[in-house]
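Accompanying notes for the structure given below.
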Amino acid sequence: MNLETAKAYLQKHNQSQLLQYYDELTEEEQLRLLNQIEYTNFNIVKNIEIAHSGGGNGKITPPANAVTVEEAARRRIQFETVGLNMLAEGKVGAVLLAGGQGSRLGYDGPKGTFNIGVTRELSIFEQLMRNVSDVTSQTGRAFPLFIMTSTVNDRATRSFFEEHSYFGYPRDEIHFFIQDVAPACDYDGKVFLDDKGRISLMPNGNGGWYSSLVNNGLGRILERDNIEWLNVFGVDNVLQRICDPAFIGATILKRCRCGAKVVKKTSPEEKVGVLCTQDGKPSIVEYFEMPEDLKNKTKKGELVYRYGVILNYLFNVHDLNLTLSGKLPYHLADKAIAHMENGVRVTPSKPCGYKFETLVVDMVRLMGSCLAYEVEREREFAPVKNATGTDSVDTARALLRKNGVKL
Ligand code: UTP
């Protein structure tokens, strides 16, 4: 793309500000910027005019398929046998979502490299890899582990794994890939410049994992190895059970296309997305979208809408292709975004614009059926979101200790 074409293209998209420092750039920087303009999808920014909600607007009812903690305990052997067989046959892989910014933690580096140890080094990544080995030692076989990074943290993440010898995991079963990006803009929809010659492009949300994996050419590994199921999980839950055989078995036996690990909400007000059914489809309704009467509704002393999701999903690979054809909506995330202002790069401490994100919760809706698989919070849910307070380093450490992990 040459300068004249870029000018016309940007004008069409109302983004001419992106060339405001063009004359100050070196020839190489100019070429790079023109190249970025050519490959940036400015249509994404139009989402600023459309308010997307996570769950749609239909009638909310409880999840169609659920396995309670009690049922899971009763049928543990049956569920585990099916899951262990699938793992032994190499039909399950896992995807670690590590492309986020982790801005709430306020730690400068990939979140997984954060030291959760107290008297010794124990990174979040190491703890997660220990959780992985709980399963592989049972099956005697490693499963493919796909690790999604971002353009910002990819190098640091790869180096960390390399420095730690991949935590003893077979190197050829670990596949890194970089998450796709989307432009970030101010509240008026003007795309930011991250630098005089660089458009501000940010990871496109945790729902971008499957298209990013495919765009990075890793779909061929799924095909080559006949992977039928992918267990997707976030980086922040240090008690995360990965490729849990019972969860895999239950999802298969209940004939669901995907499964979500859920925990009982601690109170109606807890700020978690809740797995429900909406218009006959599985749906995760965000806490701020749940009508008050439903939020508080009880039956036999229990909340009717009680299953909070913990970012641990199992997806059928064949059905995942449904999510590939651009059907996932973009959501706006109000964020503090570094950008150029009057010739200077500023790094605001407060939100100043939007990042565009696709969400895993929308993938669940597209799947058509989802099993709510209840697990015990104290044993499987210790998120590290904030530096202090709720879901923080301190609360996660306390839960790790409770589960016998030496810190
Ligand atoms: P969060 O919603 O906690 O977002 O991500 P975040 O960006 O990591 O953290 P904050 O909000 O800035 O503090 C939940 C999970 O989804 C991954 C994260 O790495 C984490 O495992 N994620 C999030 C991605 O992989 N890519 C994204 O674009 C966003």
Side-chain angles (χ1 to χ4, degrees), residues 44 54 94-114 116 123-125 127-128 131 145-154 156-157 160 175-184 200-213 215-216 230-240 242 260-261 271-273 284 286-288 308-313 328-338 347-364 381-393 395-396:
I44 291 175
V95 184
L96 164 56
L97 304 179
Q101 279 180 292
S103 51
R104 281 171 286 173
L105 184 59
Y107 166 69
D108 192 21
K111 200 189 249 189
T113 64
F114 182 84
I116 192 86
S123 65
I124 292 181
F125 279 142
Q127 179 57 34
L128 293 175
N131 299 347
L145 175 62
F146 300 91
I147 301 178
M148 184 168 84
T149 62
S150 70
T151 41
V152 179
N153 69 22
D154 183 68
T157 305
F160 194 79
H175 311 280
F176 294 95
F177 66 102
I178 299 180
Q179 179 172 5
D180 293 340
V181 289
S200 175
L201 296 172
M202 311 202 85
N204 64 350
N206 60 30
W209 69 270
Y210 187 60
S211 55
S212 304
L213 186 145
N215 292 341
N216 278 274
L230 283 173
N231 180 207
V232 182
F233 62 100
V235 74
D236 12 60
N237 177 9
V238 284
L239 280 182
Q240 192 90 255
I242 297 145
K261 282 208 168 181
K271 293 180 174 167
V272 288
I284 290 152
E286 286 301 336
Y287 63 93
F288 50 84
V309 289
I310 59 171
L311 194 41
N312 187 323
Y313 298 97
L328 288 182
Y330 277 96
H331 297 255
L332 305 184
D334 200 1
K335 293 258 176 177
I337 301 161
T347 46
S349 53
K350 289 200 182 116
C352 62
Y354 297 125
K355 189 178 169 242
F356 294 88
E357 298 188 329
T358 54
L359 303 180
V360 169
V361 299
D362 289 315
M363 301 178 97
V364 170
F381 190 46
V384 183
K385 293 281 186 196
N386 306 300
T388 52
T390 36
D391 296 344
S392 66
V393 178
T395 55

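Hydrogens, waters and symmetry mates are skipped; everything else that's a heavy atom, side chains included, is used. Ligands are counted one by one from 1 in listed order, and the atoms in each one are counted from 1 as well.
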*Could you see which bit of K335 sits under 4.0 Å from ligand 1, with heavy atoms only: side chain, backbone, both or neither?*
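Side chain only; the backbone of K335 stays clear of ligand 1.
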
*Which bit of S103 gets closer than 4.0 Å to ligand 1, counting heavy atoms only: side chain, backbone, both or neither?*
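Within the 4.0 Å criterion, S103 contacts ligand 1 through backbone and side-chain atoms alike.
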
*Counting heavy atoms only, which of S212, P203, A333, G100 comes nearest to atom 29 (C) of ligand 1?*
G100

*Among Q179, K111, R104, which one has a heavy atom closest to atom 1 (P) of ligand 1?*
R104

Heavy-atom nearest neighbour in the protein, as seen from [atom], with distance rounded to 0.1 Å:
| atom | result |
| --- | --- |
| atom 7 (O) of ligand 1 | Q101 N, 2.8 Å |
| atom 6 (P) of ligand 1 | G102 N, 3.5 Å |
| atom 16 (O) of ligand 1 | N206 CB, 3.6 Å |
| atom 5 (O) of ligand 1 | K385 NZ, 4.2 Å |
| atom 15 (C) of ligand 1 | L311 CD2, 3.4 Å |

_Test of understanding: with salt bridge (Lys or Arg N to Asp or Glu O under 4.0 Å), list the residues that count as partners of D154, not counting sequence neighbours._
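If we apply the salt bridge (Lys or Arg N to Asp or Glu O under 4.0 Å) test to D154, skipping adjacent residues, the hits are R158.
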
_For K261, salt bridge (Lys or Arg N to Asp or Glu O under 4.0 Å) partners two or more places apart_ =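 Residues passing salt bridge (Lys or Arg N to Asp or Glu O under 4.0 Å) with K261: D244, E380.
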
Do you know which two heavy atoms are closest between [X] and [Y], and how far apart they sit?
| X | Y | result |
| --- | --- | --- |
| N206 | L311 | ND2-CD2, 4.2 Å |
| G205 | E357 | CA-CB, 3.7 Å |
| L230 | A94 | CD2-N, 4.2 Å |
| P203 | Q179 | CB-OE1, 3.5 Å |

*So, the side chain of N131 versus the backbone of V238: is there a donor-acceptor pair under 3.5 Å, distance only?*
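Yes; judged by distance alone, with no hydrogens or angles, the pair exists.
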
*Does G208 offer a backbone N or O that forms a donor-acceptor pair with the side chain of T358 under 3.5 Å?*
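Such a contact is found between T358 side chain and G208 backbone.
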
*Name of the residue among T157, D236, N153 meeting side chain to side chain donor-acceptor pair (under 3.5 Å) with K111*: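 That would be D236.
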
*What atoms of ligand 1 come within less than 4.0 Å of a heavy atom belonging to G234?*
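The list of qualifying atoms is 21 (O).
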
_Distance under 4.0 Å to a non-hydrogen atom of V235: what atoms of ligand 1 satisfy this?_
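So the answer, numbered in order with elements, is 19 (O), 21 (O).
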
Geometry only, no angles: is [X] polar-contacting ligand 1 at N/O separations under 3.5 Å?
| X | answer |
| --- | --- |
| L97 | yes |
| N204 | no |
| G205 | yes |
| G99 | yes |

*Aromatic rings F356 and Y330: how do their planes relate, parallel, tilted or perpendicular, breaks at 30° and 60°?*
perpendicular

